[in-house]
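See structure below.
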Amino acid sequence: DELTEVLVNLDKKNLDLISDNRPIDDYHVLQAVASFSCKPRMVNGPPRKSSEEQVDLKPQSDPPANELERRPPVVTIMGHVDHGKTTLLDALRNSQIAAGEFGGITQHIGAFSVQLTKGRKVTFLDTPGHAAFASMRARGARGADIVVLVVAADDGVKEQTVQSIKFAQAAGVPLVVAVNKIDKPNADPMRAKRSLLEHDIVVEQLGGDVQCVEVSALQSRNLPALQEALLLQADVLDLKSTKKGAVEAVIIESSVVHGIGKVCTLLVSRGTLRKNAVLVAGTSWCRVKTMVDEHGKNVQEADPGTPVRVSGWREDLPAPGDWLIQTDSVDRAQKVVSFRQEQKMKEKAASDWEATEEDRLKTREEYLKNRQFLLNRGQRYGSTLRNVVHKQNRIEKEVDSGDPKLRLIFRTDVEGTLEAILEILETYKSEKCQLQLVDFEVGPPTEKDVELAKETGAILYLFNLMLPPKLRALAEKESVRIEHFNVIYRLVESLKNELSLRLPSET
Ligand code: GDP
């Protein structure tokens, strides 16, 4: 048929295109077409998958409507310091124990679920304040569905209350207000509610649509009403997910536990997590070894809205806010992780380079500042160089005086940096270790510099200059040390370090 004819013809033309059944890239396609004396014309074919799409794991698309089931809301508690966030969390957590539902002590794994009437649950993120929440949002994960804003009835709206409101608004997460400490004699819940008006939070009691519950976290008073309010808010949000398909989750906390190893608390957002599942999060992967809940109890399954602590992680620990996706094999998980590690390294290299550029600018600023400084000092500047030259002349005589000394050769890219370096050397006063300037010059290093360094035992310092491979090799052969910097303070740090290494030990 036609295809065979084309292939045979291509083969004859010796283009080496069709070996290994590999896809042919654009360049070779053009070559092949041209080899038939045809004029190539590019048309848009099906979009090619980038290598990232082929290797990396991506969140699944939305589940079909018939798979969706109601899931528990995820709640985070925010508010001003000392208004009772921790006490409220403890009270909520203990309400379970008090109700006799669970024995034993709860563990802080980063989140916990509270079982309510009618079989419904609310999951609370356990870290008060918005640190965890913020990092999750920053990574594009939805940290929580609802924010409980704690406002102390005796204190009213304070700075961090306002911050929390702004934060929740920016994240598009609805608030439920808990006016706390109503047991206190000086409590004024109404005043607290009114002070929220200024920040566009109109609670129900004042004709708005923000639910507000008066509680005493300390006395565990009115907590069921708060929980009911949360369920109502959850119903308004119509929170749904599927228990089917690959698991996706968000990492809430990660740590290394003595005797268990690396563990992560994760909050399942879809699918049902079971033992032996293979998971990828960040640049880490895991075959689920154990799963425990916040009571330290082993669990067999975790479905959407349920936090569990999972052991079995390899490589790095995932970070809070990392998105977790289940995959079908360890092999695939490892491939994804090494792909991501590679990406990370590339990004790091890129940002390092940017940092260097920034450093360079800083150096330039420093230089200009120095330069101005030197100019301001007029005459003194000229004498600095003379002093240095003068010192340089003294070197020969002092070579074998036996005292500790640091000998230096400098090569810099521009005169300004050389001036700045010399100026800094001028300020060196210590008698314990002599600083000896063997040579300095503007311009790239040469073989002569390496030889001079060898003869005098000096370190060759380069500033903002490339070291040609040939010179590097020569230096290695001659055991000459070459230090390369492009930020002055790092060079000075290096000098200080060299000096301290040469100081006689105190003992
Ligand atoms: P956080 O900084 O918001 O986590 O506040 P804490 O939970 O640490 O509470 C700060 C202080 O307020 C502690 O001394 C608590 O005992 C106290 N506190 C918290 N809730 C109540 C309450 O409902 N009533 C009273 N009287 N004190 C409370």
Side-chain angles (χ1 to χ4, degrees), residues 73-99 105-114 116 122-137 143-171 173-196 199 201 203-205 210-230 233 252-253 265 294 307 320:
V74 179
V75 176
T76 188
I77 297 188
M78 299 175 109
H80 195 67
V81 65
D82 276 345
H83 279 197
K85 298 180 292 291
T86 315
T87 312
L88 182 60
L89 276 166
D90 285 344
L92 289 162
R93 193 190 279 116
N94 290 334
S95 66
Q96 295 287 282
I97 299 167
I105 311 152
T106 54
Q107 305 183 342
H108 287 259
I109 64 165
F112 62 91
S113 292
V114 174
L116 302 178
V122 177
T123 298
F124 291 94
L125 296 181
D126 183 299
T127 348
H130 38 236
F133 189 49
S135 76
M136 282 178 209
R137 291 290 315 173
D145 305 305
I146 306 168
V147 167
V148 169
L149 181 70
V150 176
V151 187
D154 61 339
D155 206 19
V157 171
K158 284 273 149 9
E159 193 191 330
Q160 285 157 306
T161 320
V162 179
Q163 273 179 16
S164 307
I165 293 169
K166 285 192 182 145
F167 202 86
Q169 282 171 343
V173 179
L175 289 172
V176 169
V177 177
V179 173
N180 189 30
K181 306 198 186 185
I182 52 163
D183 59 291
K184 287 188 103 172
N186 57 342
D188 188 349
M190 207 52 203
R191 191 182 61 119
K193 289 177 203 174
R194 269 196 228 101
S195 61
L196 284 167
H199 305 281
I201 304 294
V203 300
E204 280 178 340
Q205 292 90 338
V210 177
Q211 296 187 79
C212 175
V213 185
E214 295 179 16
V215 299
S216 165
L218 196 66
Q219 300 181 347
S220 292
R221 234 160 83 189
N222 227 9
L223 299 189
L226 176 61
Q227 291 164 348
E228 280 303 319
L230 291 172
Q233 185 65 57
I252 302 218
E253 220 178 71
T265 298
E294 65 271 25

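Counting starts at 1 for both ligands and their atoms, in listed order.
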*atom 16 (O) of ligand 1: which of Leu88, Leu218, Ile77 has the nearest heavy atom?*
Leu218
*Numbering the atoms of ligand 1 from 1, which are under 4.0 Å from a heavy atom of Thr87?*
6 (P), 7 (O), 9 (O), 15 (C), 19 (C), 20 (N)
*Go through ligand 1 atom by atom and flag the ones less than 4.0 Å from a non-hydrogen atom of His80.*
3 (O)
*asked:* Please work out, at 4.0 Å between heavy atoms, whether the side chain, the backbone, both, or neither of Gln219 comes within that distance of ligand 1.
replied: neither
_Pairing donors with acceptors under 3.5 angstrom, does anything connect the side chains of His83 and Asn180?_
no
*Indicate the atoms forming the closest heavy-atom contact of Ala153 with Ile182, along with that distance.*
CB-CG2, 4.3 Å
*Nearest heavy-atom pair of Val173 and Ala144: which atoms, and what distance?*
CG2-O, 3.7 Å
*Charged N to carboxylate O below 4.0 Å: is that the case for Glu214 and Lys193?*
yes
*Let me see the working for Leu230 and Phe124 under side-chain contact (heavy atoms from CB on, under 4.5 Å), right down to the final yes or no.*
CA-CA 11 Å; Leu230 291 172; Phe124 291 94; 3.7 Å; yes
*Would you check whether Val81 has a nitrogen or oxygen atom less than 3.5 angstrom from a nitrogen or oxygen atom of ligand 1?*
no
*Polar-atom distance check: Ile182 versus ligand 1, any N or O pair below 3.5 Å?*
no
*asked:* Among Val177, Val151, Leu196, Val147, exactly one meets side-chain contact (heavy atoms from CB on, under 4.5 Å) together with Ile165. Which residue is that?
replied: Leu196
*From Gln160, Gln163, Lys85, residue fulfilling side-chain contact (heavy atoms from CB on, under 4.5 Å) relative to His80*: Gln160
*Heavy-atom proximity to atom 20 (N) of ligand 1, best of Asp183, Val179, Asn180*: Asn180
*Among Lys85, Lys181, Lys184, Arg221, which one has a heavy atom closest to atom 3 (O) of ligand 1?*
Lys85
_Under 4.0 Å from a heavy atom of Asp82: which atoms of ligand 1 are those, numbered in the order shown and with their elements?_
1 (P), 2 (O), 3 (O), 5 (O), 10 (C), 12 (O)
